[in-house]
Participant: 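Before we start, here is the structure in question, set down as structure tokens.
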Amino acid sequence: LIMKLLFQSQELRRTMALRDAIDRSQCIIEFSGDGLILDANDNFLQSLGYTREQVIGKHHRMFLRPEDHQREDYRRFWDALNQGDFQSGVFRRIDRQGRDIWIRATYNPVLDRAGRVIRIVKLATDITDAVHRNADMAGQVAAINRTQAVIEFTPGGDVLTANENFLTAMGYTLAEIKGQHHRQFMPADERESPE
């Protein structure tokens with residue numbers, strides 16, 4: 001009996017250490033099956049600008065724009081969680097000031113011994129800065145494509161794609177050049193030279 005208790009004590013310490021490690025690095029919030037907030041860790045609260053008292057007992061929809069929580073897919077999202085199906089992805093949420101926050105998150109149903117959902121634990125990482133950087137880069141690429149002739153090649157020199165500016169300037173269609181080698185754009189004497 002003493003060995004069994006000792007083993008259980010070690011397992012409990014290991015489980016608590018694991019929980020502490022996750023708590024230090026992730027935004028964690030827990031919900032009831034109907035979406036009411038049961039608890040939230042400091043990382044979550046700091047990321048969204050709330051205190052624990054401001055969120056406990058409130059519904060998950062407080063982190064969504066009204067047009068988002070009124071959609072049918074939001075209802076289906078909670079229905080799936082209540083069936084025990086975890087959900088993961090990148091989600092737009094709003095912070096206390098109403099600013100968009102982007103998170104990569106998993107919503108994980110916790111089941112009792114009978115297989116019923118007793119709570120839902122969300123583990124999240126704030127990726128707002130990365131989303132803004134990606135949007136900025138996409139805007140720059142779009143601007144380049146509007147103003148420059150652009151062609152993309154494989155490392156071996158075969159054409160992957162080209163934008164309209166390139167095709168118009170060179171007098172080709174994409175179907176004529178896609179998969180062809182870069183050498184087709186070179187004069188014959190240069191194409192055959194060692195350089």
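Everything numeric here is computed off the predicted structure, so don't read it as measured data.
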Participant: Taking the side chain as every heavy atom from C-beta outward, state whether Ile177 and Gln184 have any atom pair closer than 4.5 Å.
Facilitator: yes
Participant: Would you name the heavy atoms of Arg52 and Asp39 that are closest together and state the gap between them?
Facilitator: NE-OD1, 3.3 Å
Participant: Can you list, pair by pair, the side-chain donor-acceptor contacts under 3.5 Å of residues 152-160, counting residues two or more places apart and other chains?
Facilitator:
unit_1 : atom_1 : unit_2 : atom_2 : d
Thr154 : OG1    : Gly156 : N      : 3.3
Thr154 : OG1    : Gly157 : N      : 3.3
Thr154 : OG1    : Asp158 : N      : 3.1

Participant: Just checking, any donor-acceptor pair under 3.5 angstrom between side chains of Glu190 and Ser193?
Facilitator: no
Participant: Are any non-hydrogen side-chain atoms of Asp100 and Ile94 less than 4.5 angstrom apart?
Facilitator: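 Result yes, sub-4.5 Å side-chain heavy-atom pair found.
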Participant: Compare every heavy atom of Ala124 with every heavy atom of Ala105, then report the nearest pair and how far apart it is.
Facilitator: CB-CB, 3.7 Å
Participant: When rounded to the nearest 0.5 angstrom, what is the spacing between CD in Glu53 and CG in Leu45?
Facilitator: 9.0 Å
Participant: Any chance CE of Met16 has more than 12 other-residue heavy atoms, nucleotides or ligands included, within less than 6.0 Å?
Facilitator: no
Participant: Which heavy atom of Ala149 sits nearest to which heavy atom of Asn165, and what is that distance?
Facilitator: CA-CB, 3.8 Å
Participant: Looking at CG of Asp23 and CD of Gln26, how far apart are the two atoms once the value is rounded to the nearest 0.5 Å?
Facilitator: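 Atom-to-atom, Asp23:CG and Gln26:CD are 10.0 Å apart.
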Participant: Does atom CD of Glu164 have more than 12 heavy-atom neighbours, drawn from other residues, nucleotides or ligands, at distances under 6.0 Å?
Facilitator: no
Participant: Apply the test side chain to side chain contact (heavy atoms under 4.5 Å, CB included) to residues Arg24 and Asp20: give CA-CA distance (whole Å), side-chain angles for both, the deciding distance (0.1 Å), then the verdict.
Facilitator: CA-CA 6 Å; Arg24 285 192 305 273; Asp20 290 345; 3.7 Å; yes
Participant: Find out if a path of hydrophobic residues (ILVMFWY) with successive side-chain heavy-atom gaps under 4.5 Å connects Val121 to Met62.
Facilitator: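 Per the 4.5 Å side-chain linkage, Val121 and Met62 are not co-clustered.
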Participant: Of the non-hydrogen atoms in Asn163 and Gln148, which two are nearest, and what is the gap between them?
Facilitator: ND2-O, 2.8 Å
Participant: In the structure I gave you, are the side-chain heavy atoms of Gln87 and Thr106 within less than 4.5 Å of one another anywhere?
Facilitator: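 No, side chains not in contact.
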Participant: Let me confirm one number: the CG-OG distance from Asp95 to Ser47, rounded to the nearest 0.5 Å.
Facilitator: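 Those atoms lie 9.5 Å apart.
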Participant: Check for me whether the distance between the ring centres of His60 and Tyr107 falls short of 6.0 Å.
Facilitator: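 So the answer is yes for these two rings.
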Participant: Would you confirm whether Arg65, through its side chain, and Gly98, through its main-chain N or O, come within 3.5 Å as a donor-acceptor pair?
Facilitator: yes
Participant: Would you say Asn41 and Ile29 make side-chain contact, with heavy atoms under 4.5 Å?
Facilitator: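 With C-beta onward as the side chain, the pair stays apart.
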Participant: Is any side-chain heavy atom of Phe44 less than 4.5 Å from a side-chain heavy atom of Ile28?
Facilitator: no
Participant: For the CZ atom on Phe86, are there more than 12 heavy atoms of other groups (residues, nucleotides or ligands in this structure) within a distance under 6.0 Å?
Facilitator: no
Participant: Could you check if a side-chain atom of Phe91 sits within less than 4.5 angstrom of a side-chain atom of Leu64, using non-hydrogen atoms only?
Facilitator: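 No. Closest side-chain heavy atoms not under 4.5 Å.
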Participant: Going from CZ on Phe77 to NE2 on His69, what distance comes out if it is rounded to the nearest 0.5 angstrom?
Facilitator: 14.0 Å
Participant: Hey, could you give me the CG/CD1 distance between Leu36 and Ile56, rounded to the nearest 0.5 Å?
Facilitator: 10.5 Å
Participant: Any side-chain heavy atom of Leu111 within less than 4.5 Å of one from Ile118?
Facilitator: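 Leu111 does not reach Ile118 side chain to side chain.
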Participant: Let me see the working for Arg92 and Ile101 under side chain to side chain contact (heavy atoms under 4.5 Å, CB included), right down to the final yes or no.
Facilitator: CA-CA 6 Å; Arg92 180 181 74 167; Ile101 301 293; over 6 Å; no
Participant: Does any part of the side chain of Leu81, heavy atoms only, come nearer than 4.5 Å to the side chain of Phe31, both counted from C-beta?
Facilitator: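 They are not in contact (no side-chain heavy atoms under 4.5 Å apart), so the answer is no.
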Participant: Considering non-hydrogen atoms only, spot the tightest contact between Gly171 and Glu176 and give its length.
Facilitator: O-OE1, 4.3 Å
Participant: In plain terms, say whether Arg75 and Asp79 are close enough for a salt bridge, that is, a side-chain N and a carboxylate O under 4.0 Å apart.
Facilitator: yes
Participant: Do any N or O atoms from the side chain of His59 and from the backbone of Asp34 form a donor-acceptor pair under 3.5 angstrom?
Facilitator: yes
Participant: Mind checking what makes side-chain hydrogen bond (donor to acceptor under 3.5 Å, both in side chains) contact with Asp85, not counting sequence neighbours?
Facilitator: none
Participant: Can you name the closest pair of heavy atoms from Ile151 and Ala162 and give their distance?
Facilitator: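 So the two residues come closest at CG1-CB, 3.9 Å.
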Participant: Grouping I, L, V, M, F, W and Y whenever their side-chain heavy atoms are under 4.5 Å apart, do Val150 and Met137 come out in a common cluster?
Facilitator: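 In one cluster: no.
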Participant: I need the Ser88 OG to Leu123 CG distance, nearest 0.5 Å.
Facilitator: 11.0 Å
Participant: Decide yes or no on side chain to side chain contact (heavy atoms under 4.5 Å, CB included) for Val90 and Ile127, but give the supporting numbers first.
Facilitator: CA-CA 9 Å; Val90 173; Ile127 60 167; 3.8 Å; yes
Participant: Go through Trp102 and Arg93 one step at a time and tell me if the side chain to side chain contact (heavy atoms under 4.5 Å, CB included) criterion holds.
Facilitator: CA-CA 6 Å; Trp102 292 91; Arg93 299 296 184 245; over 6 Å; no
